Amino acid sequence: MTSEVRIDGARLWDSLMEMAKIGATPKGGVCRLALTDVDKAARDLFVRWCEEAGCTVTVDKMGNIFGRREGRRSDLAPVMTGSHIDSQPTGGKFDGIYGVLAGLEVIRALNDAGVVTDAPIEVSAWTNEEGSRFAPAMVSSGVFAGVFDLEYGLSRRDLDGKTIGEELARIGYAGQAEVGKPVRAFFEAHIEQGPILEAEGETIGVVTHAQGQRWYECTFTGQEAHAGPTPMRTRRDALVGAARVIDAVHRIGLEHAPLACATVGLLQVRPNSRNTIPGEVFFTVDLRHPDDATLSRMDRDVRAAIARAAEELRLETALEEIWYSPPVPFDPACVAAVRAAAEANGFSHRDIVSGAGHDACYVARVAPTAMVFIPCEGGISHNEIESASPAHVAAGAQVLLDAMLSRAKA
Ligand code: HGY
Ligand code: MN
Ligand code: MN
């Protein structure tokens with residue numbers, strides 16, 4: 001039996017398309033890097049919409065935004081939903097913001113139905129989920145969950161040396177509220193960002209786990225020299241070293257297929273001049289696997305590949321593992337609530353492990369948590385062509401609403 005409260009799919013779609021105008025890119029995506037003026041503009045719109053929906057809005061010291069709809073029992077901790085507003089540099093219209101606006105639609109639908117829940121309902125937007133401008137990813141939900149302290153969170157620097165704390169103050173989102181509070185249950189709606197749901201024709205992904213991640217930063221230092229007179233055998237070419245590691249990282253991912261993922265996504269070459277042998281290269285490594293022991297083996301293999309390249313090419317190495325997020329099992333009762341909501345609404349569904357990290361991964365440490373996935377076109381995300389269908393967008397929001405209501409009863 002589905003709930004008497006029905007989301008308005010057209011309204012949600014319109015809000016997504018309106019929000020997508022902020023930071024819109026020529027290929028149809030968005031660029032809303034964390035704490036830029038574009039992120040501020042999107043935050044301001046979200047706050048306005050929350051207030052128009054009758055929410056009280058709170059911002060905490062990490063800039064996390066909470067729109068609160070009161071219930072009958074203010075003594076009860078809120079049932080919370082939400083995701084992130086920031087995007088990748090060549091991001092899409094749905095990654096993160098879908099979960100934020102689906103949560104807002106839950107509140108709008110409750111208002112339309114005149115339903116008062118026992119527990120308060122909150123929709124959240126978490127600062128710097130992507131980890132693109134500032135590393136690591138999910139840093140603000142990490143502070144909320146007590147994984148990182150506030151000083152660590154505020155001191156994360158971007159490649160220009162600006163800190164999260166400075167940028168929060170600059171855009172007016174350095175809130176006063178302490179970071180962290182009781183949460184009765186947390187549900188995050190998100191596009192799958194992979195190909196499984198679309199390939200199998202499923203409408204809903206019932207997310208049971210999220211895979212573990214390890215992130216590294218590595219600098220190889222060789223010797224700059226003239227590309228002409230310098231004999232090949234005497235060179236200490238930092239870029240050749242990075243190239244060997246990049247290929248090794250890809251092979252390590254393939255060796256632990258089908259679930260492993262291994263990526264070098266950021267590379268800086270110095271002095272980056274076509275006729276000077278690169279003296280220094282900075283690059284990042286992103287390893288993922290749902291099994292922690294396998295992730296540890298991948299860690300061992302990457303470290304060995306880095307050491308081998310450095311030895312063969314006589315390079316100095318500075319390697320730092322900057323982030324480790326272990327595999328996350330979501331709360332069985334919340335997972336069951338998502339599954340039951342999909343069934344009650346007649347949506348096809350399957351259990352699925354999240355390949356991407358999400359704020360739900362950290363909130364799961366302090367509250368019963370689960371996620372709702374919907375398909376995305378071609379399984380493509382972190383790409384301007386990212387797309388989802390209005391029907392799936394609406395279905396995910398309805399499942400989110402019904403799962404949340406099931407946990408909002410005293
Ligand atoms: O990297 C991730 O999994 C997420 O998009 N931050
Ligand atoms: Mn995301
Ligand atoms: Mn993302």
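Just follow the structure's listing: the first ligand is 1, and inside any ligand the first atom is 1. Keep in mind that this is a model prediction, so the values were computed, not measured.
The list of ring-ring contact (aromatic ring centres under 6.0 Å, His included) pairs with a residue in residues 13-62, not counting sequence neighbours, reads W13-F94.
A donor and an acceptor atom, one from each side chain of H349 and E343, are located under 3.5 Å apart.
In this view, F330 satisfies the ring-ring contact (aromatic ring centres under 6.0 Å, His included) rule with no residue, not counting sequence neighbours.
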(request) Walk me through it: do W323 and Y216 pass the test ring pair (Phe, Tyr, Trp, His ring centres under 6.0 Å)? (result) CA-CA 7 Å; W323 185 42; Y216 308 79; over 10 Å; no
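Around the Mn ion (ligand 3), protein atoms of type N, O or S found under 2.8 Å number 4.
For ligand 1, the 4.0 Å heavy-atom shell contains residues E129, E130, A137, Q213, R288, A356, G357, H382.
With salt bridges taken as basic N to acidic carboxylate O contacts below 4.0 Å, one links D286 and R288. We find that K21 and E18 are joined by a salt bridge, their nearest charged nitrogen and carboxylate oxygen being less than 4.0 Å apart.
Taking the ring axis of F187 as reference, the NZ or CZ atom of R407 does not stay both within 45° of it and closer than 6.0 Å to the ring centre. Geometrically, R214 engages Y324 in a cation-pi contact, judged by NZ or CZ lying under 6.0 Å from the ring centre and within 45° of the ring axis.
Taking the six-membered ring wherever Trp is involved, the centroid distance between the rings of H84 and Y98 does not fall below 6.0 Å.
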